[in-house]
There are 2 protein chains.
Amino acid sequence: MSDAAPQYVFTFGEHADPCALVHLLGMKGASLAEMVRLGLPVPPGFTLSAEACRAWWAAGDTIPRALRDQVRAALRALEAETGARLGDPDNPLIFSVRSGAAVTLPEMMDTVLNLGLNDQTVLGLAARHGDARFAWDAYRRLLQMYADVVMGLRTDVLDQLLERKKEGEGAYAESELSDRALMELVGIFQHKIFEYGGRAFPQDPEAQLWESIEAVFRSWNNRRAVDFRNINQIPHDLGTAVTVQVMVFGNRGERSATGVAYTRDPNSGAPQLFGEWLATAQGEDVVRGMFAPQPLNMASGAYDAEETMEHALPEAYAELARIRGVLERHYRDMQYVEFTVEDGRLWMLQTRAGKRSPEAEVRLAVDMVADGLIDRAEAIRRVSTRSVEKLMHPRIDPDAHREVLAQGLGASPGAATGRLVFTAEAATEAAGRGDGVILVRRETSPEDVQGMLRSQGILTTRGGMTSHAAVVARGMSKPCIVGCRGLDLDLDAGIVQVGERQLHVGDIITIDGSTGLVMDGAVGTIKPDASDELERLMSWVDEFRRLRVRTNADTVRDCLTARDFGAEGIGLCRTEHMFFEDERIYAVREMILAADEDGRRAALARILPMQRGDFIGIFEVMAGLPVTIRLLDPPLHEFLVSRHEDIETMATRLGVPYTQLEARYRALSETNPMLGHRGCRLGITIPEIYEMQVRAILEAACEVTRRGVTVHPEIMIPLVADAREVELLRDVITSVADEVIAEQRTPVAYQVGSMIELPRACFVADAIAKSVDFFSIGTNDLTQTTFGMSRDDCGRFLPLYVEMGILPGDPFVTIDPVVRELVTMATEKGRGVKPGLTVGICGEHGGEARTIRFCHDLGLDYVSCSPFRIPVARLAAAQAALAAEGDEA
Amino acid sequence: MSDAAPQYVFTFGEHADPCALVHLLGMKGASLAEMVRLGLPVPPGFTLSAEACRAWWAAGDTIPRALRDQVRAALRALEAETGARLGDPDNPLIFSVRSGAAVTLPEMMDTVLNLGLNDQTVLGLAARHGDARFAWDAYRRLLQMYADVVMGLRTDVLDQLLERKKEGEGAYAESELSDRALMELVGIFQHKIFEYGGRAFPQDPEAQLWESIEAVFRSWNNRRAVDFRNINQIPHDLGTAVTVQVMVFGNRGERSATGVAYTRDPNSGAPQLFGEWLATAQGEDVVRGMFAPQPLNMASGAYDAEETMEHALPEAYAELARIRGVLERHYRDMQYVEFTVEDGRLWMLQTRAGKRSPEAEVRLAVDMVADGLIDRAEAIRRVSTRSVEKLMHPRIDPDAHREVLAQGLGASPGAATGRLVFTAEAATEAAGRGDGVILVRRETSPEDVQGMLRSQGILTTRGGMTSHAAVVARGMSKPCIVGCRGLDLDLDAGIVQVGERQLHVGDIITIDGSTGLVMDGAVGTIKPDASDELERLMSWVDEFRRLRVRTNADTVRDCLTARDFGAEGIGLCRTEHMFFEDERIYAVREMILAADEDGRRAALARILPMQRGDFIGIFEVMAGLPVTIRLLDPPLHEFLVSRHEDIETMATRLGVPYTQLEARYRALSETNPMLGHRGCRLGITIPEIYEMQVRAILEAACEVTRRGVTVHPEIMIPLVADAREVELLRDVITSVADEVIAEQRTPVAYQVGSMIELPRACFVADAIAKSVDFFSIGTNDLTQTTFGMSRDDCGRFLPLYVEMGILPGDPFVTIDPVVRELVTMATEKGRGVKPGLTVGICGEHGGEARTIRFCHDLGLDYVSCSPFRIPVARLAAAQAALAAEGDEA
């Protein structure tokens, strides 16, 4: 039987390419074997593969004969190599048993150190090293770990005995216990283990070995590990490898130590060793945080060179510095290593890719290109879009004191501090006085936009990740928290109730739009520089991506920001925000409330020059780039305020009775405004609005063209459900546009396109395509209608849906599979009748990495996102292109 | 050339089966030829085919040589047959030229009578008949028609001359003009024609013939005809046939006459001749309504036998009665005929299927089965669903005086009269006093349902065909008008402004839910009996249909009505209406406003027995039939009233502060409730509601089962977007249901199903089907989400969309093609994984004929509609089955 069995046991160095065997050896086993191949100092040992673990399960949790034979053979080889022998009272083989799967299960599984010790071999170890204290300390540690990991006893039982002993001895730390005290503790521990475990600690080292191996196998299925795998969707049937390795002792006197290090600074990315060490200790002491370690070197934050390992153990440190180079050249990435120094000699116990901050991630990638370790494509693959996103915004200083009041959904990242205000008007007033404010609302509406612009941050008690507040705030790149249900607003009293606490208008709070935390008072923030490394990286991504990146921008300010970040045009210019500015809102309201077409046309004539001015500004900034302008989309009642005073003001301005105006306001209100009289339905029923807008666009385009600036206006029809809508409105648009061009005798090449944002439009996209030059897919509304789920109202159930796993995530953040099907259908039908049709995405999804990958794969022309997400989108587009290349290769 | 040309000209009687040539001969030409074949008296003639018309176009609007030759040959044959000759001064051939396409274009195209007359032949005609007045009258008529139809002059030019002549002669009618006066008029007309037409009236009869033929060809493309074809989607390239026929003269003295008749009474369907006649007149006099005709017989409504043709021209009448039988036996349908009596002899000039009232349509079909003229299948095909729908409701008496105040959308047919009330409470109060009321609201909501139940009719100023008011009213079969924008409500003042007029609370109005008319005061209505004939017809339809017909019913009353009409189960029992009844609304509000789950469960425990009682009642009525119960669907805030007083009442009942309750009300309100926290989203976030409902359903089912009644409860989960929702809720439902069954020790076979009413559900229907026993497709919400169009808000643009032809019709009435694609997708995906899956439709479309045909073709199991639409649905289902059979054959 054992002849036919697979190879379960792999001795370090036996294979030329251990990394290729990571599925068998686990990450730890593979890295140890790899370091041996690199000629680095690694204590000898061998690894039982994950396949061995599965064979153990298959055999009903018993060690199969073949595995037992292979382990014994490896052990004999180890004994031959080291000269030590298992259970040899003179030169006992002391070893560790560690878990190590092919996937990261951080501190989920177990480890046993100092195996091979028993009442005899402890004496041999003491004698051999001339250090009884060290030997008894090792034995004491073995008993504690064995009781915990192998025998499953509660750790506090032995911990209490240790504490009592320390008290009795007047010792502060274990290291102050004498060899005698430790020896006594070993006796007490064995007694207690027998008492609680129902059996004695096994004195037979081979029994210790088998039991430890089985304990590690078993730990694959402990609760923590199972939960972690469930959350991270890791299969449960992989199993873990087990590494058996000869012990080196960091606790063997003053020239011994243990430590961990990064090959570069994981916070800044600076190219120097960064780490911690602890003299006279074993690895678990550092990893488990039981003792405060010291900086490895000055670069690791030492105050005094004397505390560093560089100073205390200079040869071992130099060796570590040399190994740093070897590892980086080999792995072409920053490594995290664990090491032990035994009597001045450095031993490597682990290496793996190190965790890093966003800043470090970018710097590492860029530096490594400079170092020749990786190429640009690899650098782009290495930097996550999340990291770049984080770098774009100020953050709470991690060292700052904070008192958290409540938590909502982090809807637009960044930190902001300001005084509480409850209305957009108050925000504008306070901003006029130079006060920074946080605007707190139940939810926001377009009439709050001016106030939002003037606030440092926005906080709403309702709404989800794509509520009005969230979308607008991201567009403005303002920190924003939404759906913060812990706050109870009493707008009339000007009070926010947070649990027992009451906040008042004017009180200062700080919000963190990344984490959703609301904090009391002013909490310190830091604004990272847009580092040289990030700029260098961004200069590379454009070589790789195919997908264009446009921006959603409504103002000159947005356009300037967007161009700075590399926008290649405007994918969505919403005209409605312009309607709220300053005096023109009154003209807009007059237009809406006009009794007839003449009245509307008179009001629109007053809006026309203002809109034209807006477009002139935008066209000048976006010189040479396409500008997609969406004709008026929201239902008209969004421009009205239904408060008593506002109606009164308007009634006075318009010279009509209050009651008549109030009736008109009521008549305009809608049950489901999202599904109401909006989008092209306005254009069809009240054509004069679109006529004015098209005139403003074309007059602006002519004006700017005469100034020598190239303009590419793309006029977009929103909320299309049927091809006939587009046919009719295309006629309206072209007739006005061509009229303006003729009047002004200035040729302007404009395009007409359709939003695709309703399921029906996706089904009839072929018919729609016949009348348009481009499609812009509005994934926000498409998601809303496909799901029958309003982004303003989903806050009551969507978070629970995600939590319960009904949906894998918020479909307003990452595009839903069915919405993908619809987008694919629309694109294929559209291009089926018009192969050159330009297709882009302008929903919130346009700045999200997985959606961008989808858009790349589908062959879309561009994505459009808010200005501050442009770097993220550019990077994601490059990664999508590289990944697609990889998939094809 | 002429050898190769097709046959353009067809002489009457030449072909054995003229009806088969209707595409060439047109309906009029074919009917004349058919009557000749039947041996009926028809003046001889021939028809130029529609192909001739197309050849004329193809030749650049000139008569092709072959056509000219064939017409001349036919003319020579006609001359030979009659002995008269074209232009013969002694025996002139006088003829008519009439249009007649293969499709009905009512009075769209032109006719010229009395052709062949000129300054010579008029004398011959006079001499031959010994009647100068008649001859000059015929010539005068020819000139008028020729000037109009052939020469395109304005008709008022000659009309004025005629009037002046009548004045000059002191004549009241043309028939009072003397031969001299007519002769003078002929001279004046010819002068005027030359003056205005720029050329003389052609004296050459053959020239008259060609010009008239070409004029009729041309009239195919006059504006009225083109518009009519556009509206009715008739191809423009068919062309019209032209019939040339020897004239018979109804204006030739007292024993001459003209008339029209139906072979049965078109209003009642009674099997007797019904028509009108006019002595000494030509057909145009009757058709154009220039003179008041008289009843043909007593059955046609004569007051006095002397005025009837039966009395005046008994032989001709007897001949007509004989022909009636011939035609009905031949055509197997009621015919409309036109005839002329010349000097006592009857001539037939036209026969076609006659228009009929709904009552007549049903009676005809049923009587003709008894007469052996048609079989039952044909009877079913003959009766339109619209007719049956009309028969189900009381109607405005067509003879009643009415003053129309405004017009809205006729949303639920039937007429109702009552006093104006503006609130549901007032309606309930007035009903308590025994007053009939019309409830007038801007729009209705579930809290109005009780008041609606107690009103005679409902009138709203907002909303469309599937707004809440419309849907609920149809469900109740209450007359209802929605979207009546001409009314301006001032609720506070209790006033409705209609133009200049003010109506007050308590004023009486009448509404017609079929036409959408709002009328002042009480207007008389008639309620047709459910005739024996209709009952007989309905007893036949069930032999033919495959599709089952269920009902949407929420109350015992609805269920009783529905069973009367033949419902085969409940397809949709909405549980929310039950929540509004009487005291329980307070328990419902307590449940909604409860601070925690315990509070909710306490309130739900009080609702449970009431819900159980509802279900017991319904199960008993629906004994043996399936009952699909939809778990709670609407957002919870629909159960709250946000008026100050109501909040106060609830605050007192609940013992909580007003401000706290008001805040809770506000927090529950939604921006887009249709897309909000409703349907299964409630079931998932607040499972105790569905648990209570399932318990109530199963406890009721057990109770009724024990009483010996068979129950088939089908529990339905609303607003499903993803399969996981159904999986989770199925577990909740089955665990409660099985618990109840175990508790009660009564086996009940229940099913669990899913509403399919969101686009996303259609795409993932395969996954959903795995967890359910049935699908119920909710086409209302599916249409709303597919279009992104709220049925409550579409009133502002949808009517215009239909009017402008953007949409062919209201997609809430007839299922939209894209919605069909989605329904097809859902059905196919669902049955793909579960072949036996029951699939039905429960939206408003379930009672609409074209949708029912679609459901039949797709192989659905049932449609579900409101009780009063069940006969319509049963008929439509039978028609669908017959039509599908026909398509297959």
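This structure is a prediction, so every number in the text was calculated from the model and none was measured.
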Practice item. Name the member of Thr659(A), Thr685(A), Thr786(A), Leu758(A) that forms the most heavy-atom pairs with chain B at distances under 4.5 Å. Key: Thr786(A)
Practice item. Would you mind checking which part of Ile684(B) comes under 4.5 Å of any heavy atom in chain A, side chain (CB onward), backbone (N, CA, C, O), both or neither? Key: both
Check your understanding: So does Arg678(B) pair up with Asp781(B), basic N to acidic O under 4.0 Å?
Key -> yes
Point to revise | Residue list, side chain to side chain contact (heavy atoms under 4.5 Å, CB included) with Thr824(B), at least two apart or on another chain | key: Glu828(B), Phe854(B), Leu858(B)
Exercise for review: Could you check which of Leu822(A), Thr671(A), Asp722(A) has the highest count of heavy-atom pairs closer than 4.5 Å to chain B?
Suggested key: Thr671(A)
Check your understanding: Are Leu719(A) and Met755(A) close enough that some pair of their side-chain heavy atoms sits under 4.5 Å apart?
Key -> no
**Study point:** Pick from Leu798(A), Asp816(A), Asp488(A), Thr461(A) with the largest number of heavy-atom pairs that fall under 4.5 Å of chain B
**Key:** Asp816(A)
Study note, to complete from the structure: So, the part of Leu728(A) with a heavy atom under 4.5 Å from chain B: the answer is side chain
Review point. Checking Leu489(A) against chain B: side chain, backbone, both or neither under 4.5 Å from a heavy atom?
Key: backbone
Study note, to complete from the structure: Okay, Glu727(A) and chain B: the region with an atom under 4.5 Å from a heavy atom over there is neither
Point to revise | Side chain / backbone / both / neither for Asp490(A) at chain B, heavy atoms under 4.5 Å | key: neither
Study note, to complete from the structure: Partner of Cys762(B) under side-chain contact (heavy atoms from CB on, under 4.5 Å), picked from Val823(B), Leu782(B), Ile768(B), is Leu782(B)
Exercise for review: Identify which part of Arg442(A) has an atom lying under 4.5 Å from any heavy atom of chain B, answering side chain, backbone, both or neither.
Suggested key: side chain
**Study point:** Closest heavy-atom pair and its distance - Arg791(A), Asn780(A)
**Key:** NH1-ND2, 2.8 Å
Exercise for review: Tell me, for Leu682(B) versus chain A, whether the close heavy atoms (under 4.5 Å) come from the side chain, the backbone, both or neither.
Suggested key: neither
Point to revise | His677(B) and Glu670(B) side chains, donor-acceptor separation under 3.5 Å | key: no
Point to revise | Contact origin within Arg462(A) toward chain B - heavy atom pairs under 4.5 Å | key: side chain
Check your understanding: Given a strict heavy-atom distance threshold of 4.5 Å, which part of Glu757(B) is in contact with chain A: side chain, backbone, both, or neither?
Key -> neither
Exercise for review: Name the region of Ser669(A), side chain, backbone, both or neither, that has any atom closer than 4.5 Å to a heavy atom of chain B.
Suggested key: both
Check your understanding: Is any side-chain heavy atom of Tyr801(A) less than 4.5 Å from a side-chain heavy atom of Arg724(B)?
Key -> no
Study note, to complete from the structure: Given Leu807(A), Thr785(A), Leu800(A), the one with more heavy-atom pairs under 4.5 angstrom with chain B than any other is Thr785(A)
